[in-house]
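Below, chain A is the first sequence line, B the second, and so on; all start at residue 1. The figures here come from the full heavy-atom set of this structure, side chains too, leaving out hydrogens, waters and symmetry mates.
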Amino acid sequence: MIRTHPAGGLRPEHAGQSVVLAGWVARRRDHGGVVFVDLRDASGVVQVVFREAVPEDPLSQAAHELRAEYCVRVDGTVEIRPAGNANPELPTGEIEVTASRLEVLSVAEPLPFPVEGSAGEIAEEARLRWRYLDLRRLGPARALRLRAQATRVIRGVMDAHGFLDIETPYLTRSTPEGARDFLVPVRLQPGSWYALPQSPQLFKQLLMVAGLERYYQIVRCFRDEDFRADRQPEFTQLDVEMSFPDEEDIYALTEELLARVWREVLGVEVPTPFPRLGYAEAMARFGVDCPDTRFGVELADLTAYLAGTGFRVFQAAIGAGGYVGAVVMPGGASQTRKELDGWQEWARGRGARGLAYVLLDAETGEPRGPVAKNLSPEHLAGLAAATRAQPGDAVFFAAAAVRTEALALLGAARLEIGQRCALVDDSAWDLLWVTDFPMFEPTGDGGWTAMHHPFTAPVPANEADFHLRPGEALSRAYDVVVNGQEIGGGSIRIHRAEVQQRVFDVIGLSRVETDAQFGFLLEAFRYGPPPHGGIAFGLDRLCQRLAGADSIRDVIAFPKTASGGDPLTGAPTPITPAQRAEAGIDAVPEP
RNA sequence: UGGGCGAUCGUUCAACGGCAGGACGUCGGGCUGUCCACUCGAAGAUGCGGGUUCGAGUCCCGCUCGCCCAGCCA
């Protein structure tokens with residue numbers, strides 16, 4: 001190594017020592033005869049002093065010519081700073097390095113944005129375009145360090161439990177259902193294409209058939225869908241599968257894993273076992289299947305209470321076998337007309353017609369507002385009790401013939417209320433299981449689709465008859481939720497061909513189709529497959545949470561934008577006609 | 001695919017339909033104890049294409065790009 005010491009580690013006990021440092025010029029304060037340089041390396045920052053002993057001395061001259069982000073080597077002596085000159089803001093603030101020699105290892109052009117200084121306000125596009133400069137900064141680099149720490153803990157836990165780290169193919173076959181595949185042309189077989197895996201789901205099940213019993217992998221997955229703050233075209237899963245488990249084994253492993261990650265990365269103790277919440281209860285109380293339980297404001301089901309109402313909007317929903325519900329905004333009655341209109345705007349932005357509301361007078365508790373005029377005196381009288389609202393609160397309603405639509409709006413409103421009323425304790429960590437998912441959900445055209453995926457086992461009570469009543473059958477799937485965000489999910493899998501066949505029948509996959517798509521898995525299942533199950537965690541989201549970041553882009557070294565581009569490399573790019581011809585993209589399939 | 005917001009010196013933020021301005025950075029000078037050093041001076045910008053207008057950074061239409069949301073993501 002060029003250096004003898006990390007810059008950020010120097011302390012008063014090093015005083016008197018000769019050191020060699022290597023790093024970057026973070027800041028330069030040039031007083032003419034004395035020049036201060038803040039030298040930054042990965043360990044931190046230390047102040048280097050260049051003093052002009054005699055006029056025009058070359059060392060001082062060289063220091064004068066330094067610029068931001070030059071990469072330099074400094075030889076010098078650690079000294080206690082003169083009295084009154086210590087900087088308590090810096091870990092190295094009690095000392096400084098008096099330079100005796102300076103070597104510019106490489107120069108830097110003027111920067112496209114300031115590397116030092118309050119950095120958060122730089123446009124993300126510029127940060128990604130020059131991501132290597134962005135990552136020189138403390139905050140962005142810290143997110144990547146945290147991620148490395150998390151994966152180190154994860155590997156330790158998985159190894160301690162005898163899980164084997166096994167790689168699976170990135171070039172594999174396309175399987176319909178689920179997300180859109182990224183496709184890769186095959187030069188040696190024009191007209192045939194690989195797909196990049198959406199997850200190693202089928203391979204990990206094959207590894208269970210193979211008798212390896214315990215598999216894990218920190219693996220890249222690819223989905224060609226639209227991107228968001230928490231979605232990238234390529235993302236990373238911690239993928240886990242084991243043989244002969246029941247749910248409790250997966251829960252125990254997950255709880256140990258996450259508790260240790262939280263402890264060793266954040267120093268936070270999360271209580272185990274995690275609370276468990278059934279899907280139906282989660283939907284009824286919170287309107288979503290991944291509730292943020294850090295605050296209350298639970299939904300109220302008013303379908304029965306408002307039966308017989310004359311208010312047409314509610315009547316129509318109830319008459320159609322739907323749902324009317326409400327969520328209370330504490331203190332919401334004092335909102336201005338503009339704020340209440342803002343809620344209408346907010347609801348329309350989510351595809352709803354609006355958000356009906358009743359305001360309860362802060363003094364009298366008297367219901368006010370346009371909707372109040374449409375409800376009977378009896379319904380109004382009991383409204384506060386039915387919704388657990390207090391005087392001064394606002395009650396927001398949602399009604400729909402399809403229950404889940406109204407629940408979705410109320411669930412979103414609940415989160416918005418939590419935000420606007422600052423009800424969320426930002427320091428809290430709520431980790432919980434959501435269990436007892438339905439096996440199937442309606443497709444909208446009378447059919448059914450697997451809610452989790454088609455290899456998810458039914459609960460024992462539904463094993464014999466799930467195909468007869470697909471709307472009621474529950475599966476052995478589970479999600480783990482952190483502060484209202486799903487960060488992992490999995491299931492106990494089907495391992496019997498007969499059960500698997502009935503699932504395919506329910507979701508309308510013919511034997512020809514299943515053979516074509518999953519034939520290799522079904523064939524493997526003819527050779528003594530073990531009962532098995534597993535879970536997969538979104539590692540990017542997990543690290544985003546740990547880092548307190550706004551986007552998974554912050555915990556990815558070189559992330560892509562919402563349109564799938566990489567501002568740094570310029571990918572994706574057009575290809576040359578020669579590449580196009582060679583890749584076999586335009587091969588015409590045999591009729 | 002749809003909705004919202006946005007795009008001005010390198011960065012960040014201004015500008016009633018009427019001379020595009022500041023801060024930081026950059027470049028040049030000064031300065032021996034600063035730590036967002038200070039100080040004197042200089043250069044430097046309206047994403048693209050149409051339209052309205054005497055006149056457009058500003059208004060209108062289209063496009064591109066970015067961010068957020070809905071759809072989508074088994």
Student: For RNA chain B, which residues in residues 39-47 of chain A have a heavy atom at a distance below 4.0 Å?
Tutor: Gln47(A)
Student: Taking C-beta and beyond as the side chain, do Ile507(A) and Phe440(A) meet within less than 4.5 Å on heavy atoms?
Tutor: yes
Student: So, is Arg129(A) near the phosphate of G66(B), with a side-chain N or O under 4.0 Å from OP1 or OP2?
Tutor: no
Student: According to a strict under-4.0 Å criterion, is Arg231(A) in side-chain N/O contact with OP1 or OP2 of C73(B)?
Tutor: no
Student: The side chain of Arg228(A) is closest to which nucleotide in this list: U12(B), G28(B), C69(B)?
Tutor: C69(B)
Student: Using a cut-off of 4.0 Å between protein heavy atoms and nucleotide atoms, how would you tag nucleotides 1-6 of chain B 5' to 3' with B, S and -?
Tutor: B-----
Student: Heavy atoms within less than 4.0 Å of RNA chain B: which residues of residues 76-99 of chain A have one? Give them sorted by number.
Tutor: Arg81(A), Pro82(A), Asn85(A), Ala86(A), Asn87(A), Glu96(A)
Student: Taking the six-membered ring for Trp and the full ring for Phe, Tyr or His, determine whether the centres of His532(A) and His495(A) are under 6.0 Å apart.
Tutor: no
Student: Applying ring-ring contact (aromatic ring centres under 6.0 Å, His included), name anything that partners Phe182(A), two or more places apart in sequence or on another chain.
Tutor: none
Student: Who passes side chain to side chain donor-acceptor pair (under 3.5 Å) against Ser43(A), sequence neighbours left out?
Tutor: Asp41(A)
Student: Regarding Ala68(A), tell me which of base, sugar-phosphate or nothing describes its non-hydrogen contacts under 4.0 Å with the strands shown.
Tutor: nothing
Student: Identify, between Arg553(A) and Arg223(A), the residue whose nearest nucleotide on RNA chain B lies closer to the 5' end.
Tutor: Arg553(A)
Student: According to the interplanar angle, ranging from 0 to 90°, do the rings of Phe518(A) and Phe504(A) count as parallel (below 30°), tilted (30 to 60°) or perpendicular (above 60°)?
Tutor: parallel
Student: Side-chain contact, heavy-atom cut-off 4.5 Å: Val97(A) with Val19(A)?
Tutor: yes
Student: Could you tell me whether the side-chain ring of Phe36(A) sits stacked on the base of U34(B), using a centroid cut-off under 5.5 Å and a plane angle under 30°?
Tutor: yes
Student: When you compare the protein's N or O atoms with those of nucleotides 46-48 of chain B, which come within less than 3.5 Å of each other, and at what distance?
Tutor:
none

